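Note sheet for the following structure.
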Amino acid sequence: MTSIVALGGTPRPGSSTEKVLAIACRAAEAAGASITHFDGAYMSSLPFYGGPGHSKEAGQEMVAALREADGVLIASPGYHGSISGLVKNALDYIEDLSTDVRPYLHGRPVGLIATSFGHQAAMSTLLTLRTITHALRGWPTPVGAAIRTTPETFDEHGGILDAGARIQLELVGQQVSGAMGRLT
Ligand SMILES: Cc1cc2nc3c(=O)[nH]c(=O)nc-3n(C[C@H](O)[C@H](O)[C@H](O)COP(=O)(O)O)c2cc1C
């Protein structure tokens with residue numbers, strides 16, 4: 001079975017960023033992929049990469065999962081117009097894959113999702129995630145999702161009420177799933 005690492009969230013349990021990431025994950029699962037999640041709580045436990053408290057053991061569950069992954073899904077909130085420090089620090093751990101035969105995210109499709117309260121930060125955050133993916137030698141999927149999240153975005157079960165947003169998120173999951181194993 002093909003495997004996807006889903007990395008994203010905020011320090012807030014039950015964050016809207018995790019909810020929208022879950023929608024993309026379900027679409028990828030429906031297409032046959034298995035998903036390993038690294039959420040806001042996990043990312044909050046990571047020391048600053050290369051900083052005090054960082055050791056070579058830190059983050060190695062995530063690094064090992066990324067090493068084996070056939071595809072990746074990343075979701076970040078837009079904080080002041082860009083990706084959050086929490087998500088960026090987690091992505092910095094991909095430096096541990098720099099000397100692999102398949103370095104960084106080489107050959108892997110990467111589905112990208114940005115959330116924010118307004119349109120502008122969602123779009124600029126999505127573009128930053130694309131730039132980072134290129135730097136990591138990954139392949140951003142053609143469709144990325146820039147999602148406005150407000151208290152009215154979700155129903156009481158965490159389902160998304162905005163049909164257009166749901167379609168974007170499902171497409172991101174399906175495109176990662178469909179591209180796995182086909183890129184060099
Ligand atoms: C420090 C901080 C900065 C933020 N900056 C912006 C911003 O520049 N533009 C915007 O639209 N929303 C901004 N927001 C709102 C977040 O993007 C929004 O809460 C996001 O969807 C994350 O929510 P979640 O914790 O439910 O996932 C900011 C929130 C925080 C906490």
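The structure displayed is predicted, hence computed values, not measured ones. Computed over heavy atoms, backbone and side chain alike; hydrogens, waters and symmetry mates excluded. Atoms within a ligand are numbered from 1 in the order they appear, just like the ligands themselves.
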Counting non-hydrogen protein atoms only, what is the nearest one to atom 9 (N) of ligand 1? Give residue, atom name and distance. A121 CB, 3.2 Å

Identity and separation of the nearest protein heavy atom to atom 25 (O) of ligand 1: T10 OG1, 2.9 Å

Below 3.5 Å, N or O to N or O, backbone or side chain included: is there any such pair between P77 and ligand 1? no

Per-residue contact class, H80 against ligand 1 - non-hydrogen pairs under 4.0 Å: both

Give the atoms of ligand 1, by number and element, whose distance to some non-hydrogen atom of G81 is under 4.0 Å. 8 (O)

Mind checking whether S116 contacts ligand 1 via backbone (N, CA, C, O), side chain (CB onward), both or neither, at a 4.0 Å heavy-atom cut-off? both

Give me the atom names and distance for the closest heavy-atom approach of I94 to Y104. O-CD2, 3.7 Å

First locate atom CZ of R108, then atom OG1 of T133, and finally report the distance between them rounded to the nearest 0.5 Å. 12.0 Å

Residue G118 vicinity, atoms of ligand 1 by number, heavy atom under 4.0 Å: 10 (C), 11 (O)

Looking at atom 19 (O) of ligand 1, is any protein heavy atom nearer than 4.0 Å to it? no

Count the heavy atoms belonging to other residues, nucleotides or ligands that lie under 6.0 Å from CD of Q120, then report whether that count exceeds 12. no

Report the C-alpha separation of Y93 and H54 in whole Å, then their side-chain angles, then the decisive distance to 0.1 Å, and conclude whether the side-chain contact (heavy atoms from CB on, under 4.5 Å) test is met. CA-CA 10 Å; Y93 279 76; H54 180 239; 3.4 Å; yes

Pairs of nitrogen or oxygen atoms closer than 3.5 Å, one from T149 and one from ligand 1: do any exist? yes

Which protein non-hydrogen atom lies closest to atom 27 (O) of ligand 1, naming both residue and atom, and how far is it? T17 OG1, 2.6 Å

Among I160, D162, L161, the one residue meeting side chain to side chain contact (heavy atoms under 4.5 Å, CB included) with F154: I160

Go through ligand 1 atom by atom and flag the ones less than 4.0 Å from a non-hydrogen atom of G78. 4 (C), 5 (N), 6 (C), 7 (C), 12 (N), 13 (C), 14 (N), 16 (C), 17 (O), 28 (C)

For atom 24 (P) of ligand 1, the protein heavy atom that lies nearest, with its residue and separation: S16 OG, 3.2 Å

Show the nearest heavy-atom pair for residues G32 and T2, with the distance to one decimal. O-OG1, 4.1 Å

Could you give the distance from CZ (R102) to CD (E68), rounded to the nearest 0.5 Å? 7.0 Å

Between CG on residue L112 and CD1 on residue I74, distance to nearest 0.5 Å: 5.5 Å

Can you tell me how far apart CZ (R67) and CD (Q60) are? Round to the nearest 0.5 Å. 7.0 Å

Polar contacts were defined as any N/O atom of the residue lying under 3.5 Å from an N/O atom of the ligand; does this apply to F117 and ligand 1? yes

